[in-house]
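Indexing begins at 1, ligand by ligand and atom by atom, following the structure's order.
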Amino acid sequence: MISVAIDGPAGAGKSTLARRLAANLGYIYVDTGAMYRSIGLYALRAGKDPRDNEAVNALLPEIELRLDSIEGEQHIYLKDEDVSTAIRTEEAGMAASAVGANPAVRAFLLDLQRNMAKTQNVLMDGRDIGTVVLPHATVKIFLTATPEARATRRWKEYQAKGINTPYEEVLADVKQRDYQDTHRAAAPLRQAEDAVLLDTSELNFEQSLDAMKEIIAQKVAG
Ligand code: DC
């Protein structure tokens with residue numbers, strides 16, 4: 001099986017690029033951030049602090065997380081509810097980052113993620129795919145951009161959706177999430193030694209896509 005691991009900080013364009021690449025390559029796209037977001041959302045809805053490991057751990061046995069692909073789009077479900085849209089808020093992102101620091105949550109998701117890569121060609125994005133989840137991935141890409149470039153992109157996405165979060169707030173969130181994701185003890189965000197670094201600060205979407213296609217083609221075609 002071929003696996004492509006894409007890691008990097010929030011807002012580097014991972015999911016948009018990964019989704020398009022997976023469609024091009026005919027691989028299954030696995031958005032692991034969506035899994036952490038769903039658990040974060042579940043904790044928030046249960047009235048629990050996502051940073052409280054004990055409280056979140058007590059919820060894990062009742063969490064039924066399921067992924068499905070509808071017309072090539074990944075949908076994520078909590079039991080029977082499609083939460084694909086509900087998890088896309090800044091609040092759910094922060095909650096995801098908080099539960100992502102919880103080792104029990106990471107263990108809970110690890111098997112699910114590895115199993116997906118066992119039976120099909122996947123393109124998986126997250127923070128620890130190349131380092132922990134798929135250490136033997138065929139291709140590893142570490143996608144990054146400056147905090148300002150990433151905040152600008154995220155702010156534009158919000159504007160397009162009619163969400164009026166001020167830019168300063170988005171930038172502060174990006175920086176806080178970077179800090180949390182890189183400083184946690186459990187599977188912190190870092191570039192795998194054998195990952196190819198791609199900085200997209202100065203690249204537009206198509207240029208980033210082409211650069212990634214080239215990296216993949218070199219590794220997959222040999
Ligand atoms: O990629 P994203 O913004 O949807 O991810 C949300 C949060 O989930 C991110 O800040 C950290 C956490 N996460 C993680 O810890 N490990 C992953 N493989 C993916 C996401």
Numbered atoms of ligand 1 (with element) below 4.0 Å of [X], judged on heavy atoms:
X	value
Asp181	9 (C), 10 (O), 11 (C)
Ala96	6 (C), 7 (C), 8 (O), 12 (C)
Ser97	7 (C), 10 (O), 11 (C)
Gly33	4 (O), 5 (O), 19 (C), 20 (C)
Arg106	14 (C), 15 (O), 16 (N), 17 (C), 18 (N)

What part of [X], side chain, backbone, both or neither, has a heavy atom within less than 4.0 angstrom of ligand 1?
X	result
Arg184	side chain
Arg177	side chain
Met35	neither
Arg37	side chain

With rounding to the nearest 0.5 angstrom, report the [atom1] to [atom2] distance, [X] to [Y].
X	Y	atom1	atom2	answer
Ser208	Lys14	OG	NZ	13.0 Å
Arg127	Arg106	CZ	CZ	9.0 Å
Ile39	Ile87	CD1	CD1	11.0 Å
Asn102	Glu54	CG	CD	10.5 Å

(request) Flag this pair as yes if the NZ/CZ of Arg19 is under 6.0 angstrom from the six-membered ring centre of Tyr29 and inside a 45 degree cone about the axis; otherwise no. (result)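 Pair Arg19/Tyr29 does not count as cation-pi.
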(message) One thing to verify: whether Arg150 and Asp178 come together as a salt bridge, which I'm taking to mean a side-chain N less than 4.0 angstrom from a carboxylate O.
(response)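 Result for this pair is yes, salt bridge flagged.
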(message) Going by the closest heavy atom to atom 5 (O) of ligand 1, which one wins out of Gln180, Arg127, Gln176?
(response) Arg127
(request) Mark yes or no for whether Gln74, through its side chain, and Leu67, through its backbone, hold a donor-acceptor pair below 3.5 Å. (result)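 No, the answer is negative, given that no donor and acceptor are paired below the 3.5 Å cut-off.
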(message) Side chains of Gln218 and Val196, heavy atoms from C-beta outward: is any pair under 4.5 Å?
(response)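 Counting from C-beta outward, Gln218 and Val196 never come under 4.5 Å.
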(request) Evaluate the side-chain proximity of Val4 to Ile216: yes if any heavy-atom separation is below 4.5 Å, no if none is. (result)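 The answer is yes, as the side chains (C-beta and beyond) meet within the 4.5 Å cut-off.
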(message) Can you report which non-hydrogen protein atom sits closest to atom 19 (C) of ligand 1, along with the distance?
(response) Thr32 OG1, 3.5 Å
(message) Return the closest protein heavy atom for atom 13 (N) of ligand 1 as residue, atom name and distance.
(response)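 Its nearest protein heavy-atom neighbour is Tyr36 CD1, 3.7 Å.
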(request) Examine Asp128 against ligand 1 and note whether any of their N/O atoms are separated by less than 3.5 Å. (result)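 Yes; at least one N/O pair falls below 3.5 Å.
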(request) State if Met94 counts as touching ligand 1 under the rule of any non-hydrogen atom under 4.0 Å. (result) no
